[in-house]
There are 2 protein chains.
Amino acid sequence: MPETRTRRRGVELEKAILDAAWAELNDVGYARLTIESVAARAGTSKPVIYRRWPNRAELVLAAWGSRAPVRPPSPDTGSLRGDLVILFTKIARRVDGMMNEMIAGVMTETFRHPEVAALMRDRLVNAPFGKVVGTVLQRAVERGEHPPVELTHRAGRLPIDLIRNEALINGGSITDETIAELVDQVYLPLLRGLARD
Amino acid sequence: MPETRTRRRGVELEKAILDAAWAELNDVGYARLTIESVAARAGTSKPVIYRRWPNRAELVLAAWGSRAPVRPPSPDTGSLRGDLVILFTKIARRVDGMMNEMIAGVMTETFRHPEVAALMRDRLVNAPFGKVVGTVLQRAVERGEHPPVELTHRAGRLPIDLIRNEALINGGSITDETIAELVDQVYLPLLRGLARD
DNA sequence: CCACAGAAGAAACTCGCCGTATCTAACAGC
DNA sequence: GCTGTTAGATACGGCGAGTTTCTTCTGTGG
């Protein structure tokens with residue numbers, strides 16, 4: 001049976017479309033991603049896509065979501081600063097390149113299609129890096145390297161916010177220097193300041 | 001002589017266009033702003049606009065730039081926290097509403113028209129709020145309210161970055177609570193941390 | 001094995017907007 | 001006035017969003 005199946009359906013087809021969308025994002029970026037190009041790449045046609053997602057923004061969000069969130073392992077370099085640099089770098093790689101353009105692009109369409117706004121916000125606020133800071137920090141406390149800290153929600157989210165902000169502004173990749181600046185000039189001082197309560 | 005001038009030219013016309021673009025940004029936002037709508041509003045036509053700016057993004061940046069940067073007066077409430085809250089609020093109002101959408105929108109087109117990227121970056125990094133933090137802080141030091149601080153470039157820019165980030169994510173206005181969180185959970189602790197060197 | 005419902009895929013269409021090209025009429029400077 | 005410049009009107013080509021229509025496949029239930 002040479003598996004003469006020519007038409008995919010259901011989950012299989014859906015996955016093919018999301019993969020194609022993801023590939024397009026990587027190849028040409030959000031601004032140049034068209035529904036037609038995704039359809040062509042997936043070997044299907046526009047209506048098939050529109051039957052599933054109402055517009056470009058939601059398709060892209062779905063493609064984004066279809067990639068597993070990759071809960072990052074908490075690094076353990078033996079020093080708080082080392083752990084933080086690694087953590088920031090991991091976040092940067094994830095946010096890097098296409099990601100920032102996508103966020104900006106989807107953000108814009110948010111105003112054409114307000115339903116998308118909520119989706120987007122959830123995705124950003126619930127990014128999976130929040131708790132890792134807590135872990136890393138706790139280890140530093142146990143090592144006696146750092147006084148105990150009441151890590152507020154804002155402070156926990158800050159690494160992601162800093163990196164995303166940087167990526168959005170710079171458009172390009174985030175250098176190691178930038179990461180060092182963020183860790184040394186902002187995040188470590190903040191943690192020290194939080195410790196005095 | 002009733003000044004029967006019907007056609008504006010040069011600077012006068014240019015200003016009319018920029019004003020119209022600004023008004024459109026306020027009324028309908030970046031996503032729905034079209035060159036045609038700006039032309040109509042300015043009482044002129046598309047080619048006149050295209051003779052001056054090569055695309056939407058640059059027109060909008062020009063309109064943005066044509067509004068005076070409004071160097072904010074440093075507040076003096078008698079307490080560092082009070083001053084910071086006012087400062088953050090001022091930034092928020094300036095970044096508010098349309099501003100964030102515009103930034104996101106222009107950002108997206110940055111990838112279609114790479115020349116725009118540099119313009120945008122300058123505009124964001126040279127935002128006029130940076131030095132005010134220094135002033136506010138110095139007064140707190142003179143009052144003996146706060147230990148002296150070596151304010152790094154990153155730390156000085158942080159308020160703007162925090163607010164912009166918040167505006168971009170939330171889409172809507174920034175509440176007083178958010179500002180209080182940013183000041184109390186992030187910026188004041190950071191300043192305290194920076195002071196211990 | 002067949003029929004039928006439902007979904008895939010192809011194609012064509014509307015619409016809005018971008019950016020350009022063409023034309024004419026007003027204006028400014030001499 | 002004469003002349004070069006530029007505003008403003010109009011129309012056009014192109015692209016991509018989102019929709020509609022129609023045909024063709026496919027798997028399920030009888």
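Among the nucleotides C:dC18, D:dA17, D:dG18, the one closest to the side chain of A:Thr34 is D:dA17.
Atom OH of A:Tyr50 is separated from atom C1' of D:dT21 by 17 Å (rounded to the nearest Å). As rounded to whole Å, 12 Å separates atom C1' of D:dC15 from atom CZ of A:Arg56. One can place CD of A:Glu14 at 13 Å from P of C:dG9, the figure rounded to the nearest angstrom. Separating the CD1 atom of B:Ile35 from the P atom of C:dG16 is a distance of 18 Å, rounded to the nearest angstrom. Atom CD in A:Glu58 sits about 14 Å away from atom C1' in D:dG18, given to the nearest Å. Remark: C1' of D:dT19 and CG of A:Asn55 are 14 Å apart, rounded to the nearest angstrom. Counting to the nearest Å, the P atom of C:dC18 and the CZ atom of B:Arg32 are 14 Å from each other.
A:Leu33 comes within 4.0 angstrom of the backbone, heavy atoms only, and of no base.
Every residue two or more places apart in sequence or in another chain that forms a side chain to side chain contact (heavy atoms under 4.5 Å, CB included) with A:Ala155 is listed here: A:Leu151, A:Thr152, A:Leu190, A:Leu194. In this view, B:Asp27 and B:Arg41 satisfy the salt bridge (Lys or Arg N to Asp or Glu O under 4.0 Å) rule, not counting sequence neighbours. By the side chain to side chain contact (heavy atoms under 4.5 Å, CB included) test, B:Glu142 is found to be paired with B:Gln138, B:Arg139, residues two or more places apart in sequence or in another chain being considered. The salt bridge (Lys or Arg N to Asp or Glu O under 4.0 Å) search around B:Arg52 returns B:Glu14, not counting sequence neighbours.
Between B:Arg157 and A:Glu166, the shortest heavy-atom distance links the atoms NH2-OE1, 3.9 Å.
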Donor-acceptor pairs under 3.5 Å, side chain of residues 78-89 of chain B to any protein atom, not counting sequence neighbours: which ones?
from: B:Ser79; atom 1: OG; to: B:Gly82; atom 2: N; distance (Å): 2.9
from: B:Arg81; atom 1: NE; to: B:Asp184; atom 2: OD1; distance (Å): 2.7
from: B:Arg81; atom 1: NE; to: B:Asp184; atom 2: OD2; distance (Å): 3.4
from: B:Arg81; atom 1: NH2; to: B:Asp184; atom 2: OD2; distance (Å): 2.8
from: B:Asp83; atom 1: OD1; to: B:Thr77; atom 2: N; distance (Å): 2.6
from: B:Asp83; atom 1: OD1; to: B:Thr77; atom 2: OG1; distance (Å): 2.8
from: B:Thr89; atom 1: OG1; to: B:Val85; atom 2: O; distance (Å): 2.6

Expected string for nucleotides 7-13 of chain D under the B/S/- scheme (protein heavy atoms, under 4.0 Å, primed atoms plus P, OP1, OP2 as sugar-phosphate) is BBBB---
